[in-house]
Number of protein chains: 2
Amino acid sequence: MNVEEIIKTSRPLPLAPRTIIHMALVQNKIEDSMGNALKPFEVSTQQFNVLRILRGQKGQPANLFTLNERMVTKMSNTTRLVDKLMAKGLVNRTQCPSNRRKVEITITEAGEAALEQMDRAVTGAQDKLLEKFVEKDLEQLNELLDKF
Amino acid sequence: MNVEEIIKTSRPLPLAPRTIIHMALVQNKIEDSMGNALKPFEVSTQQFNVLRILRGQKGQPANLFTLNERMVTKMSNTTRLVDKLMAKGLVNRTQCPSNRRKVEITITEAGEAALEQMDRAVTGAQDKLLEKFVEKDLEQLNELLDKF
DNA sequence: CAACAATATTTGTATAGACAAATGTATGTC
DNA sequence: GACATACATTTGTCTATACAAATATTGTTG
(Lines give C-alpha, C1' and ligand atoms only; values in the text may rest on other atoms or scores of the structure.)
Protein backbone atom coordinates (compact mmCIF):
# COMPACT_ATOMS: atom_id res chain seq x y z
CA MET A 1 0.00 0.00 0.00
CA ASN A 2 1.63 3.21 -1.17
CA VAL A 3 -0.04 6.20 0.46
CA GLU A 4 1.08 8.82 -2.04
CA GLU A 5 -0.09 6.74 -4.95
CA ILE A 6 -3.50 6.00 -3.49
CA ILE A 7 -4.36 9.61 -2.80
CA LYS A 8 -2.61 10.71 -6.00
CA THR A 9 -0.42 13.30 -4.44
CA SER A 10 2.75 14.30 -6.19
CA ARG A 11 4.78 15.53 -3.24
CA PRO A 12 5.92 13.14 -0.51
CA LEU A 13 4.05 13.70 2.76
CA PRO A 14 5.64 14.62 6.10
CA LEU A 15 5.79 11.63 8.40
CA ALA A 16 3.17 12.66 10.97
CA PRO A 17 0.25 13.42 8.61
CA ARG A 18 1.35 10.51 6.46
CA THR A 19 0.89 8.19 9.42
CA ILE A 20 -2.59 9.51 10.15
CA ILE A 21 -3.62 9.14 6.51
CA HIS A 22 -2.01 5.73 6.34
CA MET A 23 -4.06 4.58 9.31
CA ALA A 24 -7.27 5.75 7.65
CA LEU A 25 -6.43 4.01 4.38
CA VAL A 26 -5.62 0.73 6.11
CA GLN A 27 -8.76 0.93 8.22
CA ASN A 28 -10.82 1.50 5.06
CA LYS A 29 -9.28 -1.61 3.59
CA ILE A 30 -9.99 -3.64 6.73
CA GLU A 31 -13.62 -2.50 6.88
CA ASP A 32 -14.07 -3.21 3.22
CA SER A 33 -12.67 -6.70 3.59
CA MET A 34 -14.73 -7.50 6.69
CA GLY A 35 -17.86 -6.06 5.12
CA ASN A 36 -17.40 -8.25 2.07
CA ALA A 37 -16.86 -11.34 4.20
CA LEU A 38 -20.11 -10.64 6.04
CA LYS A 39 -22.12 -9.58 3.02
CA PRO A 40 -23.50 -13.08 2.31
CA PHE A 41 -24.95 -13.11 5.83
CA GLU A 42 -26.46 -9.67 5.49
CA VAL A 43 -25.11 -8.41 8.79
CA SER A 44 -22.93 -5.38 9.44
CA THR A 45 -19.63 -5.65 11.29
CA GLN A 46 -21.39 -4.01 14.23
CA GLN A 47 -24.09 -6.67 14.25
CA PHE A 48 -21.46 -9.38 13.95
CA ASN A 49 -19.65 -7.82 16.87
CA VAL A 50 -22.80 -7.94 19.00
CA LEU A 51 -23.39 -11.58 18.15
CA ARG A 52 -19.86 -12.41 19.26
CA ILE A 53 -20.33 -10.56 22.53
CA LEU A 54 -23.53 -12.50 23.18
CA ARG A 55 -21.83 -15.79 22.49
CA GLY A 56 -19.08 -14.76 24.89
CA GLN A 57 -21.76 -14.45 27.56
CA LYS A 58 -22.19 -18.22 27.47
CA GLY A 59 -25.93 -18.24 27.93
CA GLN A 60 -25.96 -15.39 30.38
CA PRO A 61 -28.04 -12.56 28.93
CA ALA A 62 -26.61 -9.13 28.22
CA ASN A 63 -28.38 -5.81 28.46
CA LEU A 64 -27.90 -2.85 26.16
CA PHE A 65 -25.43 -1.17 28.47
CA THR A 66 -23.19 -4.23 28.52
CA LEU A 67 -23.35 -4.58 24.76
CA ASN A 68 -22.47 -0.96 24.23
CA GLU A 69 -19.61 -1.21 26.68
CA ARG A 70 -18.06 -4.16 24.90
CA MET A 71 -18.57 -3.07 21.32
CA VAL A 72 -15.44 -2.10 19.45
CA THR A 73 -17.15 0.92 17.96
CA LYS A 74 -19.60 2.30 20.46
CA MET A 75 -22.74 3.65 18.90
CA SER A 76 -25.63 5.63 20.21
CA ASN A 77 -28.37 3.35 19.13
CA THR A 78 -27.95 -0.19 20.28
CA THR A 79 -31.73 -0.64 20.53
CA ARG A 80 -32.21 -0.49 16.80
CA LEU A 81 -29.14 -2.61 16.14
CA VAL A 82 -30.63 -5.35 18.30
CA ASP A 83 -33.99 -4.83 16.56
CA LYS A 84 -32.35 -5.82 13.31
CA LEU A 85 -30.76 -8.92 14.79
CA MET A 86 -34.17 -9.83 16.25
CA ALA A 87 -35.82 -9.39 12.87
CA LYS A 88 -33.33 -11.90 11.51
CA GLY A 89 -34.08 -14.32 14.33
CA LEU A 90 -30.49 -14.25 15.55
CA VAL A 91 -31.18 -12.93 19.06
CA ASN A 92 -33.93 -12.90 21.67
CA ARG A 93 -34.91 -9.93 23.77
CA THR A 94 -36.96 -10.16 26.95
CA GLN A 95 -37.63 -7.84 29.83
CA CYS A 96 -35.42 -8.55 32.85
CA PRO A 97 -37.72 -9.82 35.61
CA SER A 98 -35.67 -8.50 38.54
CA ASN A 99 -35.25 -5.04 37.07
CA ARG A 100 -37.86 -4.29 34.50
CA ARG A 101 -35.99 -1.32 33.13
CA LYS A 102 -33.41 -3.66 31.72
CA VAL A 103 -33.68 -6.00 28.77
CA GLU A 104 -32.09 -9.41 28.53
CA ILE A 105 -30.60 -10.17 25.17
CA THR A 106 -29.42 -13.64 24.26
CA ILE A 107 -28.21 -15.26 21.08
CA THR A 108 -30.56 -17.84 19.56
CA GLU A 109 -29.51 -21.24 18.26
CA ALA A 110 -29.97 -19.93 14.74
CA GLY A 111 -27.74 -17.05 15.77
CA GLU A 112 -25.04 -19.40 17.07
CA ALA A 113 -25.15 -21.42 13.88
CA ALA A 114 -25.00 -18.34 11.65
CA LEU A 115 -22.22 -16.87 13.76
CA GLU A 116 -20.10 -19.95 13.28
CA GLN A 117 -20.31 -19.49 9.52
CA MET A 118 -19.59 -15.79 9.83
CA ASP A 119 -16.57 -16.52 11.98
CA ARG A 120 -15.11 -18.68 9.29
CA ALA A 121 -15.62 -15.96 6.68
CA VAL A 122 -14.22 -13.21 8.89
CA THR A 123 -11.23 -15.23 10.04
CA GLY A 124 -10.47 -15.97 6.42
CA ALA A 125 -10.65 -12.29 5.55
CA GLN A 126 -8.44 -11.36 8.48
CA ASP A 127 -5.85 -13.97 7.61
CA LYS A 128 -5.79 -12.61 4.09
CA LEU A 129 -5.35 -9.05 5.38
CA LEU A 130 -2.49 -10.13 7.61
CA GLU A 131 -0.83 -12.58 5.25
CA LYS A 132 2.27 -10.45 4.89
CA PHE A 133 2.76 -10.19 8.64
CA VAL A 134 4.89 -12.58 10.62
CA GLU A 135 4.28 -13.00 14.34
CA LYS A 136 7.00 -10.52 15.19
CA ASP A 137 5.44 -7.88 12.92
CA LEU A 138 2.10 -8.24 14.64
CA GLU A 139 3.68 -7.90 18.05
CA GLN A 140 5.52 -4.81 16.90
CA LEU A 141 2.38 -3.32 15.36
CA ASN A 142 0.35 -3.91 18.50
CA GLU A 143 3.07 -2.28 20.56
CA LEU A 144 3.13 0.76 18.32
CA LEU A 145 -0.65 1.04 18.34
CA ASP A 146 -0.50 1.08 22.13
CA LYS A 147 1.28 4.41 21.89
CA PHE A 148 -1.87 6.08 20.60
CA MET B 1 -4.45 2.01 25.01
CA ASN B 2 -5.20 -1.44 26.38
CA VAL B 3 -7.43 -3.34 23.97
CA GLU B 4 -8.76 -5.89 26.43
CA GLU B 5 -9.69 -3.22 28.93
CA ILE B 6 -11.47 -1.02 26.43
CA ILE B 7 -13.73 -3.75 25.11
CA LYS B 8 -14.06 -5.23 28.61
CA THR B 9 -13.09 -8.72 27.68
CA SER B 10 -11.72 -11.00 30.36
CA ARG B 11 -9.69 -13.39 28.22
CA PRO B 12 -6.60 -12.18 26.31
CA LEU B 13 -7.19 -12.05 22.56
CA PRO B 14 -5.20 -13.99 19.93
CA LEU B 15 -2.76 -11.73 18.13
CA ALA B 16 -4.41 -11.57 14.71
CA PRO B 17 -7.93 -10.51 15.77
CA ARG B 18 -6.38 -8.36 18.46
CA THR B 19 -4.51 -6.44 15.77
CA ILE B 20 -7.64 -5.89 13.74
CA ILE B 21 -9.57 -4.68 16.78
CA HIS B 22 -6.65 -2.55 17.85
CA MET B 23 -6.62 -0.84 14.48
CA ALA B 24 -10.32 -0.05 14.76
CA LEU B 25 -9.95 1.36 18.26
CA VAL B 26 -7.05 3.58 17.28
CA GLN B 27 -8.87 4.77 14.19
CA ASN B 28 -11.90 5.65 16.33
CA LYS B 29 -9.65 7.69 18.55
CA ILE B 30 -8.07 9.46 15.59
CA GLU B 31 -11.42 10.30 14.04
CA ASP B 32 -12.73 11.52 17.35
CA SER B 33 -9.74 13.77 17.85
CA MET B 34 -9.85 15.18 14.33
CA GLY B 35 -13.60 15.67 14.53
CA ASN B 36 -13.23 17.63 17.74
CA ALA B 37 -10.48 19.77 16.28
CA LEU B 38 -12.75 20.63 13.34
CA LYS B 39 -15.96 21.05 15.34
CA PRO B 40 -15.54 24.83 15.86
CA PHE B 41 -15.40 25.23 12.08
CA GLU B 42 -18.45 23.06 11.49
CA VAL B 43 -16.84 20.96 8.79
CA SER B 44 -16.40 17.21 8.63
CA THR B 45 -13.01 15.59 8.12
CA GLN B 46 -14.16 14.79 4.60
CA GLN B 47 -14.95 18.42 3.90
CA PHE B 48 -11.62 19.45 5.40
CA ASN B 49 -9.94 16.92 3.17
CA VAL B 50 -11.59 18.40 0.08
CA LEU B 51 -10.54 21.90 1.04
CA ARG B 52 -6.95 20.72 1.34
CA ILE B 53 -7.07 19.06 -2.04
CA LEU B 54 -8.39 22.27 -3.57
CA ARG B 55 -5.64 24.31 -1.98
CA GLY B 56 -3.13 21.82 -3.35
CA GLN B 57 -4.43 22.65 -6.82
CA LYS B 58 -2.93 26.11 -6.47
CA GLY B 59 -5.69 27.96 -8.23
CA GLN B 60 -6.26 25.28 -10.83
CA PRO B 61 -9.84 24.05 -10.51
CA ALA B 62 -10.69 20.44 -9.71
CA ASN B 63 -13.65 18.46 -10.91
CA LEU B 64 -15.59 15.88 -8.92
CA PHE B 65 -13.65 12.98 -10.36
CA THR B 66 -10.34 14.48 -9.29
CA LEU B 67 -11.65 15.22 -5.81
CA ASN B 68 -12.96 11.72 -5.40
CA GLU B 69 -9.71 10.25 -6.63
CA ARG B 70 -7.65 12.17 -4.11
CA MET B 71 -9.88 11.83 -1.09
CA VAL B 72 -8.59 9.61 1.65
CA THR B 73 -11.99 8.05 2.13
CA LYS B 74 -13.70 7.87 -1.21
CA MET B 75 -17.42 8.44 -1.02
CA SER B 76 -20.21 8.07 -3.46
CA ASN B 77 -21.62 11.51 -3.19
CA THR B 78 -19.09 14.21 -3.76
CA THR B 79 -21.75 16.46 -5.29
CA ARG B 80 -23.54 16.94 -2.01
CA LEU B 81 -20.30 17.29 -0.07
CA VAL B 82 -19.31 20.16 -2.34
CA ASP B 83 -22.84 21.58 -1.97
CA LYS B 84 -22.21 21.91 1.74
CA LEU B 85 -18.89 23.65 1.25
CA MET B 86 -20.59 25.99 -1.21
CA ALA B 87 -23.32 26.77 1.28
CA LYS B 88 -20.58 27.81 3.71
CA GLY B 89 -18.95 30.00 1.08
CA LEU B 90 -15.71 28.02 1.20
CA VAL B 91 -15.68 26.89 -2.42
CA ASN B 92 -16.91 27.98 -5.84
CA ARG B 93 -18.42 25.72 -8.45
CA THR B 94 -18.80 26.63 -12.10
CA GLN B 95 -19.45 24.68 -15.25
CA CYS B 96 -16.30 23.91 -17.19
CA PRO B 97 -16.46 25.94 -20.43
CA SER B 98 -14.43 23.52 -22.56
CA ASN B 99 -16.34 20.46 -21.41
CA ARG B 100 -19.71 21.32 -20.03
CA ARG B 101 -20.16 17.91 -18.43
CA LYS B 102 -17.50 18.81 -15.95
CA VAL B 103 -17.62 21.24 -13.07
CA GLU B 104 -14.77 23.40 -11.91
CA ILE B 105 -14.40 23.63 -8.19
CA THR B 106 -12.07 26.10 -6.55
CA ILE B 107 -11.44 27.21 -3.00
CA THR B 108 -12.53 30.77 -2.16
CA GLU B 109 -10.46 33.26 -0.22
CA ALA B 110 -12.73 32.72 2.73
CA GLY B 111 -12.05 29.02 2.27
CA GLU B 112 -8.30 29.54 2.27
CA ALA B 113 -8.52 31.66 5.40
CA ALA B 114 -10.72 29.15 7.20
CA LEU B 115 -8.52 26.30 6.08
CA GLU B 116 -5.48 27.92 7.60
CA GLN B 117 -7.21 28.00 10.96
CA MET B 118 -8.39 24.42 10.54
CA ASP B 119 -4.88 23.31 9.69
CA ARG B 120 -3.61 24.70 12.93
CA ALA B 121 -6.29 22.88 14.90
CA VAL B 122 -5.80 19.60 13.05
CA THR B 123 -2.02 19.72 13.25
CA GLY B 124 -2.33 20.32 16.97
CA ALA B 125 -4.65 17.34 17.33
CA GLN B 126 -2.31 15.14 15.30
CA ASP B 127 0.73 16.16 17.31
CA LYS B 128 -1.18 15.32 20.45
CA LEU B 129 -2.16 11.92 19.05
CA LEU B 130 1.41 11.18 18.11
CA GLU B 131 3.12 12.69 21.13
CA LYS B 132 4.36 9.32 22.36
CA PHE B 133 5.95 8.48 19.03
CA VAL B 134 9.55 9.25 18.18
CA GLU B 135 10.61 9.55 14.54
CA LYS B 136 11.79 5.94 14.46
CA ASP B 137 8.42 4.71 15.76
CA LEU B 138 6.60 6.54 13.01
CA GLU B 139 8.87 5.10 10.37
CA GLN B 140 8.36 1.63 11.77
CA LEU B 141 4.58 2.09 11.95
CA ASN B 142 4.40 3.31 8.37
CA GLU B 143 6.45 0.33 7.25
CA LEU B 144 4.16 -2.08 9.05
CA LEU B 145 1.06 -0.41 7.66
CA ASP B 146 2.50 -0.91 4.20
CA LYS B 147 2.14 -4.64 4.71
CA PHE B 148 -1.66 -4.34 4.63
C1' DC C 1 -45.00 7.79 51.36
C1' DA C 2 -44.63 11.70 48.20
C1' DA C 3 -41.24 13.92 45.59
C1' DC C 4 -37.19 13.80 43.28
C1' DA C 5 -33.17 11.87 41.26
C1' DA C 6 -30.95 8.06 38.91
C1' DT C 7 -30.99 4.32 35.65
C1' DA C 8 -32.18 1.77 31.31
C1' DT C 9 -34.17 1.93 27.22
C1' DT C 10 -36.89 3.78 23.43
C1' DT C 11 -38.35 7.10 20.17
C1' DG C 12 -38.12 11.30 17.19
C1' DT C 13 -35.61 13.86 14.23
C1' DA C 14 -31.91 15.55 11.59
C1' DT C 15 -27.89 14.48 8.96
C1' DA C 16 -24.60 11.52 6.40
C1' DG C 17 -23.53 7.87 3.24
C1' DA C 18 -24.40 3.92 -0.16
C1' DC C 19 -26.21 2.64 -4.37
C1' DA C 20 -28.75 2.90 -8.52
C1' DA C 21 -31.16 5.38 -11.92
C1' DA C 22 -31.62 9.60 -14.43
C1' DT C 23 -29.82 13.67 -16.75
C1' DG C 24 -26.98 16.25 -19.69
C1' DT C 25 -22.95 16.41 -22.68
C1' DA C 26 -19.39 14.73 -25.77
C1' DT C 27 -17.29 11.37 -28.95
C1' DG C 28 -17.02 7.92 -32.51
C1' DT C 29 -19.16 5.35 -36.42
C1' DC C 30 -21.75 4.33 -40.27
C1' DG D 1 -26.13 14.06 -39.29
C1' DA D 2 -28.54 10.23 -36.69
C1' DC D 3 -27.32 6.73 -33.48
C1' DA D 4 -25.13 4.29 -30.01
C1' DT D 5 -21.75 4.66 -26.48
C1' DA D 6 -19.00 6.73 -23.01
C1' DC D 7 -18.42 10.27 -19.64
C1' DA D 8 -19.44 13.53 -15.61
C1' DT D 9 -22.52 14.82 -12.55
C1' DT D 10 -26.96 14.98 -10.26
C1' DT D 11 -30.94 13.17 -8.10
C1' DG D 12 -33.94 9.84 -5.61
C1' DT D 13 -34.30 6.61 -2.22
C1' DC D 14 -33.06 3.72 1.45
C1' DT D 15 -30.36 2.71 5.38
C1' DA D 16 -27.19 4.01 9.16
C1' DT D 17 -25.78 7.02 12.76
C1' DA D 18 -25.75 10.92 16.08
C1' DC D 19 -28.00 13.46 19.41
C1' DA D 20 -31.66 14.91 22.24
C1' DA D 21 -35.97 14.28 24.32
C1' DA D 22 -39.35 11.13 26.10
C1' DT D 23 -40.77 7.05 28.68
C1' DA D 24 -40.67 3.65 32.18
C1' DT D 25 -38.84 1.80 36.31
C1' DT D 26 -36.24 1.84 40.45
C1' DG D 27 -33.83 3.95 44.33
C1' DT D 28 -33.35 7.70 47.79
C1' DT D 29 -34.50 11.28 50.99
C1' DG D 30 -36.96 14.32 53.89
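- Between D:dT11 and B:R80, no contact under 4.0 Å exists linking OP1 or OP2 to a side-chain N or O.
- Rounded to whole Å, atom C1' of D:dT10 lies 14 Å from atom NZ of B:K84.
- B:F41 and B:F48 have their aromatic ring centers separated by at least 6.0 angstrom.
- Closest-nucleotide positions on DNA chain D for A:Q47 and B:N77 were compared, and the one nearer the 5' end corresponds to B:N77.
- We find that CE of B:M75 is positioned 13 Å from C1' of D:dT10, with the value rounded to whole Å.
- Summarising the geometry, the separation between NZ on A:K88 and P on D:dT15 is reported as 11 Å, rounded to the nearest angstrom.
- Considering only the side chain of B:N99, C:dA26 comes nearest among D:dA18, C:dA26, C:dT7.
- Side-chain contact check for B:S33 and B:N36: no donor-acceptor pair (N or O, by modelled atom type) lies under 3.5 Å.
- Looking at A:K132 and B:D146, no side-chain N of the basic residue comes within less than 4.0 Å of a carboxylate O on the acidic one, giving no salt bridge.
- For B:D32 and D:dC19, the CG to C1' distance is 15 Å, given to the nearest whole Å.
- For B:R100, the listed nucleotide lying nearest its side chain is C:dT25; candidates were D:dT17, C:dG17, C:dT25.
- Looking at A:T19 and B:N142, their side chains do bring a donor and an acceptor atom within 3.5 Å of each other.
- Distance B:Q95 CD to C:dT23 P: 18 Å, rounded to the nearest Å.
- For residues 57-74 of chain A, proximity to DNA chain C is found at A:N63, A:L64, A:F65, defined as any non-hydrogen atom under 4.0 angstrom from a strand atom.
- With rounding to whole Å, B:D83 atom CG is found 14 Å from C:dT15 atom C1'.
- Dashed line: the shortest gap from a side-chain N or O of B:R93 to OP1 or OP2 of D:dT10 is under 4.0 Å.
- More than 12 heavy atoms of other shown residues, nucleotides or ligands fall within 6.0 angstrom of atom CD in B:Q95.
- No more than 12 heavy-atom neighbours from other residues, nucleotides or ligands sit within 6.0 angstrom of CD on B:E5.
- Taking atom CG of A:L85 as the reference point, atom P of D:dA16 lies 11 Å away to the nearest angstrom.
- For A:R101, taking side-chain heavy atoms from C-beta onward, the closest of the listed nucleotides C:dT25, D:dT25, C:dT9 is D:dT25.
- Atom pair B:Q46:CD and C:dA16:C1' shows a separation of 10 Å (rounding to whole Å applied).
- When each of C:dT9, D:dA16, C:dG17 is scored by its nearest atom to the side-chain atoms of A:K102, the top-ranked nucleotide is C:dT9.
- Of the candidates C:dT9, C:dG12, C:dG24, the closest approach to any side-chain atom of A:T79 belongs to C:dT9.
- With respect to the salt-bridge test (charged N to carboxylate O, under 4.0 angstrom), the residues A:R18 and A:E4 qualify.
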